[in-house]
Structures are given as C-alpha cells and as structure tokens.
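Comments concern the structure below.
Order of the sequence lines sets the chain letters (A, B, ...), proteins ahead of strands, with each chain counted from 1. Values in this document were obtained by computation on a predicted structure and should not be read as measured data.
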2 protein chains.
Amino acid sequence: MSLNDRKVQILQAIINDYIETAEPVGSRTIAKKYNLGISSATIRNEMSDLEEMGFIMQPHASSGRIPSDLGYRLYVDHLMQKRELSFDEQKYLQSVISRDISQIDYLMEETAKIISALTSYTTFISEPVGQRARIKQIRLLPLDMTSVLLVIVTEDNFMKNHVIKMGTVPDEDTIFEISMYLNRAFQGCALQQIDQTILSILQLELGEYKGLLKPILNALKSTMEAAEKVQLHMSGTKNILAFPEFSDISKAKSLFQTLEEKDVLTSMLEESKCNDLQILIGSENTVQSMKDCSVITATYKLSDDTRGTIGIVGPTRMDYSQVISVLNGMVKNIEKVFKNLTDNNKDG
Amino acid sequence: MSLNDRKVQILQAIINDYIETAEPVGSRTIAKKYNLGISSATIRNEMSDLEEMGFIMQPHASSGRIPSDLGYRLYVDHLMQKRELSFDEQKYLQSVISRDISQIDYLMEETAKIISALTSYTTFISEPVGQRARIKQIRLLPLDMTSVLLVIVTEDNFMKNHVIKMGTVPDEDTIFEISMYLNRAFQGCALQQIDQTILSILQLELGEYKGLLKPILNALKSTMEAAEKVQLHMSGTKNILAFPEFSDISKAKSLFQTLEEKDVLTSMLEESKCNDLQILIGSENTVQSMKDCSVITATYKLSDDTRGTIGIVGPTRMDYSQVISVLNGMVKNIEKVFKNLTDNNKDG
DNA sequence: AATTAGCACTCGTGCTAAGTGAGTGCTAAC
DNA sequence: GTTAGCACTCACTTAGCACGAGTGCTAATT
C-alpha cells in the first residue's frame, strides 16, 4: 500500500478541514467540499488505508477522522503550502519597530504581544544571550551620602547595577580611583577566575576601603547568576481557553501550570536554539502536559553567538503555515530592528 | 426587623459553610452542623428575614442561600475572626528572606509566588515607588571600542542604563570630565526643567562631543517614562481555574483578559495605595470582569513616601480571614527584609 | 481492476419524561 | 415564639428514543 497522490490529497483535505473546524472530518464532507472527482465511497476506502498507515485516526468508531501526530508531521514536512503574510499582517508585525525599543524588555514584551495577537496562540520569547561569562566593565560611582553604585557589564552588554551602603562614602576622586583599580583587576575575567591572589592584591589596593570587597564580590556573583538566567517574556496565555481542545478545564489547568514554570519553557527554548526553526508535534514534546500541543520555535540571531528564541504553543491542530510565516517575519523584523538601532545610535 | 444575635449567628454559619463548600447552604444543614439549639424551621424563618434585609440570596427558588456582597461586607467588617498564621505558614512566608533578595524584581517575583501558593488565589504586587521624578545621578562610562554607557539614577534609586553608540569613543579622562559636566547640569532636575538654556550651555561644554546630547536626552526621556511605569509581578493566575465559580470557561477567560492588562491592575493598586488594607467585594469593584471577585490589597511602606502594594484576586467566596493574615504577615516581612538589607550592607 | 451506489450498523447528540432529593414557605399545633 | 409537618419548587439524573453523520462491506457498474 503506497502513499499515492490521491491519498496525499485526501490527507491534506482532512488536515485543512480539521484545522479549520476542529471537528472530525467525514468522507462525504471531503467529497462535497473538495472537488477531487471521486465519490465518498472511494474516499472512505482511501481513508481506511490512511488510518492503517497511521496518518489519521478515529476518536471513536463511526465518527470522522482526525489527523494523528504522524499525519501532521507529514503535512509539515512535505504538504504544507508556504503562506505569504498579508499586507495588514506585515504592517502589524512591523509596528513593533515604530515604538521605543531602546529597552530590550519592552521590545520583547511587545513582540510577544504582537505574535500572540496575530496567531491567537500563546507566545513566549527569550532575550538575546551571548557571551555573558566575562566581565567587560566594572565601575564604581557615587550615589548619595550613604551609598555608592556598582555597575557591572558583561561581554554581551548584559548589565546590572548594585547599590552598596557604606558608613562613609569616599569623595568623588577616590571613588574614581577605586573604580579604575576594580576595572583593571576584573576586566576580561570570568567569575571562576577570581582567586585568592587577585583578592589579596585588591584588598591591599583598596586600603581603608577594603570593606567594599565583600559586597563587590556578592554583586559579581549575583550578576553572573542573573546573566545565566535567561529572561523570558510571555503573552496570550488566555488564548488557550478559546480552543475547544481545552474546554476541559483540567487540561487547560495542567497546561497553565506548565506555562507558569519558566524553567521548563526556558529549557525548551534553549534546546531549540541551534535550529532556525523547530516544530514539535504532540507526542514529540517531552513535557507531559504538552503532549496535546504543538510547539514551534524560531531563533533570531543578532550576531554569531548572540541569540534568542521565540516559541509558540497551541493545539496540535494549529495553523502551522500561518505560525511559521509569522515567526519567520518576526525574526527578520527583530534582526532588522537591532541593526537599525545600532546604526541610528551611530549617527546620534 | 432587627439584626439580632441569632440572625448574626446564622449569617456567620452560612458564610463559613459557603466559603468552605461553594454550595448553597440550606436550613437543615445549619441545624445539623452548627449547634445553635434551634430547629431548621426557625432557621428558615430567620433566613427569610436575612434575605429580605439583603444579606443573603437564593441562586434560584427552592435552593439554599448564598451570601450577597452586602453579607460578605458585614462579615468582613464585623463578624470575621482574626486568624493567626500557623507556624508552618509563618515559616513558609519568611522563606522569602532566606533567598538572595538583593535584586528587587526577584524579591517581588518570589513574594507573589509564596502568597499565591499559601492562599491559592491570584497574587499581584507592585514594586516600591517613591520620589522618582528627579535625577539623582547621571554618569557616563566607557563601555567598549564603539560605545559608552550612560547610567541614570532617580531620587528613589530607580535606575536605568543606556548604551550610546559613537563613531569614536573619547579617552577615559575625557569621558570622566563629560560625566562630571552632565552630573552637575542635571542633578536634582526633573525632566520638565530641562530647557533650552541648559541645553545650549551643555552643548557648548560638550564641544566636539555635542553629538552626544541627542541620545542623552532620549535616554533621559525613556528613563523618566520607565520610572513612571510601575513594575508589576503576578503569580497564580492558573489557580483561578480551580474554583467552581470559574468552571464556566467564558467567565474564566474574561478574568484572564483583565489580568493580562497590566494597566488595569496597576491603577487598581495605585488607587488603594493610601489604605493599609483595602477590601473590595464583588460589585464594589469598578472593573466589569471582576464583579464576581473580591480584591484585597495591602500596602507596604519602606519609607514615608516609598510604597508598594500587594493585591489578591479571588472569588467573592474567598477565605477573607486567611488572606488578610497572610497579607499582613507578608507586609511585615517585606518591610523587615528591606530593613535588614540596609543594615547588612552597612556592615559589609 | 478500480470505482461507486446502496445498505446495515455504530455511536455521539439532543430531546423528552419520569424520578429523586434538597430545599423552601406556610400552617397549625405546641 | 418555636416547631413539626406538608405541599410545592426546581435543579439534576437517568432512561428511552429518534436523528444524523459517519463507517465498512458487498454487489453492481465502468
């Protein structure tokens, strides 16, 4: 039994119809709606074959057929038509550019919102991460009467500020000097490289301000930890409730549960980071509560090793073709935004 | 018809039972479960009165009674027993201390998680905000070959860093000088106070680096905008699905919709900021989708004018007494954490 | 040999009717 | 004023039935 042309047409019809209606598709529906030039009886025979081959299944005897995960897989890999974005979609997608995007978290938040609005699926996105391990700059600044401000920047411009309370704050020039010491001592360092030798030298150099060393080390540690932790933004979780496959509250609940565990999502995004586009259909997902969902992820690259990932979660019966074109569009868009941002700032 | 002692006892019994079971409470249930020493017939008569007075109502004829918003109001204002936290609850609540809390957003995130876990309601919390309008420090630092880093700090230590791309980056000493100019020019300023006079002087002082002025002004603007926008953290949205009052998917959906609109929540928290504790029951809420919910908010104060608010959303049938004690406990806790943080840093 | 028409059969869905039980309101007796 | 008793209401459950969408099989047709 071979997967001939007609079987493929029928499978395609079933998938298209099911994506649209969420109802099991019967042979008569296909005969009437899609002009394949064959009768429902013939379609029935073919469907029986398709079921035997594992591409479709019956929710219960004497009901229509729905695509299986394998069916969707075939569809995604070989049948799916590439869909161009409409003008309106394109325009809406690009609206993220026109806002103030100098703040990365805002850009991420907006991006997630736009994608979830366009696709009506749940969207999550990770901030771009690259070479964070090494310290690029570490600077001390005066803040007020009782505290100084420590600014730490890693190689890929991840940065974090720390307020350090002190009994008495040194004067402007002394702070500048200490700042220079610190920068010389730590620049280019990974956290692990900071050993006792460096610390003793530094302690000596700091002189009467050696009390600063402890809070500075704490700040370094917490910055490095935060740098490891990829920031995640999410939007459109409520959309899940609109799909009939989640009208069973308990199913919705367990998916929500998973979506609240950012670690799970982060590691999902991490895993897919090497692929430009990754599609996991139903049972292909490792997370139990997503066995009824498909997850599509796309990776955007700001440089060779600075990347982030956008992910979409929806029922397996999702509009793969639309999602993929939206994701591709958005990836191009983000990359462009960052490029523009860089160029603009060079002018200003 | 007066609200005598017996009526109050019956009302209390109805509310307690309904909070526990979520089922309309009948006269026989009360007679059997709560030993009030009167028969179900008497209770029926009293209930009839209570209904006439507006404290309870029937979902449909010949069903048991449920408390009305007015009933809950009476309960909350006069009947409710203050509940002490159990040892375990107290311990769990304080577990937020033992983690690394030097980063405010992490602390907020954890706090929301703990409260939603303890109460099983949805929790949202706003970061402490005080006098943000004025600039406390504005500093320029070298970053790398093509860019400098601008650090802006407002009066209440809200801070934001901005990367400014430049064709050629001045040397360390020049940057320091520019940094000092800037700081002198803008320290103590509100954004609105920056006028043309200041700008022309600055432009003169910046000399060949006057190109910096535009990005600096942009950075100032975006910082001030971000400072106005209160950061909000949320946890436990999925809990909503566990309550029978939201087993109707469409109700759950509209509540989710509201919870995704951070502006709405932010303004709710803002409004309640003057009260230590505020309880809005059902129809007392202005937001339409929350007319079936109660919202309890508690305000924590880090100083006279630096405050944040914790809010809890749940069905009107919520365990008011538990929620209030958890919120009070957490407010004390947060205030303590911040106090400790300050003291610790003074030592180190 | 492939296709199709026809038919029996399956099974979810929607409707109705009857029965059940929790709860009320009213009345008359205590 | 309190209570027992009773009629009544109404949501909820269950069974039975008809309907229709859909299948699989078989025999006729191309």
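A heavy-atom distance below 4.5 Å is found between the side chains of B:Leu3 and B:Phe55.
Per the geometry, CE belonging to A:Met57 stands 17 Å off P belonging to D:dG22, to the nearest Å. Here the C1' atom of nucleotide C:dG23 and the CD atom of B:Glu51 are 12 Å apart, to the nearest Å. Here D:dA21 presents its P atom at 15 Å from CE of A:Met47, a figure rounded to the nearest Å. Rounded to whole angstrom, the span from the CD1 atom of A:Ile10 across to the C1' atom of D:dT23 amounts to 15 Å. Straight-line distance from the NZ atom of B:Lys33 to the C1' atom of C:dG23: 16 Å, rounded to whole Å. One can place CD of A:Glu46 at 13 Å from C1' of C:dT4, the figure rounded to the nearest angstrom. Between the CD1 atom of B:Ile43 and the P atom of C:dG25 there is a distance of 13 Å, given to the nearest Å. Straight-line distance from the CG atom of A:Asn45 to the C1' atom of D:dC25: 9 Å, rounded to whole Å.
Distances shown here put every side-chain N or O of A:Ser48 at or beyond 4.0 Å from the OP1 or OP2 atom of D:dT23.
With distances taken from any side-chain atom of A:Ser62 to the nucleotides C:dC11, D:dG24, D:dT2, the minimum falls on C:dC11. Side-chain atoms of B:Arg44 lie closest to C:dG25 of the nucleotides C:dG25, C:dT4, D:dT3. Residue B:His60 places its side chain closer to D:dA11 than to any other of C:dA5, D:dT3, D:dA11. Nearest nucleotide to the B:Ser27 side chain, out of C:dT4, D:dA4, C:dT24: C:dT24. Comparing D:dC25, C:dT24, D:dT3 by their closest approach to the side chain of B:Thr42 singles out D:dT3.
Counting non-hydrogen atoms of other residues, nucleotides and ligands closer than 6.0 Å to NE2 of A:His60 gives a total above 12. No more than 12 heavy atoms of other residues, nucleotides or ligands shown are found within 6.0 angstrom of CZ on A:Arg28.
Classification of B:Glu89 and B:Arg83 as a salt-bridged pair holds, one side-chain N sitting under 4.0 Å from a carboxylate O.
Comparing the start and finish of the helix from C:dA1-D:dT30 to C:dC30-D:dG1, five pairs each, the helix axis swings through 20°, to the nearest 10 degrees.
Residue contacts for B:Ala61: at a heavy-atom cut-off of 4.0 Å it reaches the sugar-phosphate backbone alone, with no base atom in range. Among the protein residues, A:Ser63 comes within range of the sugar-phosphate backbone only, with heavy atoms under 4.0 Å from sugar or phosphate atoms but none that close to a base. As judged by a 4.0 angstrom heavy-atom cut-off over every strand, B:Thr29 is placed among residues touching the sugar-phosphate backbone only. Looking at heavy-atom distances under 4.0 Å, A:Arg28 makes no contact with the nucleic acid at all.
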Inset, instruction - For side chain to side chain donor-acceptor pair (under 3.5 Å), just list the numbers for A:Glu260 and B:Thr237, CA-CA rounded to whole Å, side-chain angles, deciding distance to a tenth of an Å, and then say yes or no. - result: CA-CA 9 Å; A:Glu260 256 192 22; B:Thr237 44; 3.1 Å; yes

Legend entry - B:Lys291/B:Glu284 under salt bridge (charged side-chain N to carboxylate O under 4.0 Å, His left out): CA gap, chis, key distance, verdict: CA-CA 7 Å; B:Lys291 296 281 181 192; B:Glu284 296 168 9; over 6 Å; no

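Checked by atom type, the side-chain pair A:Asp88/A:Ser86 shows no donor-acceptor distance below 3.5 Å. Side-chain atoms of B:Asp17 and B:Tyr34 form a donor-acceptor pair, as typed in the model, at a separation below 3.5 Å.
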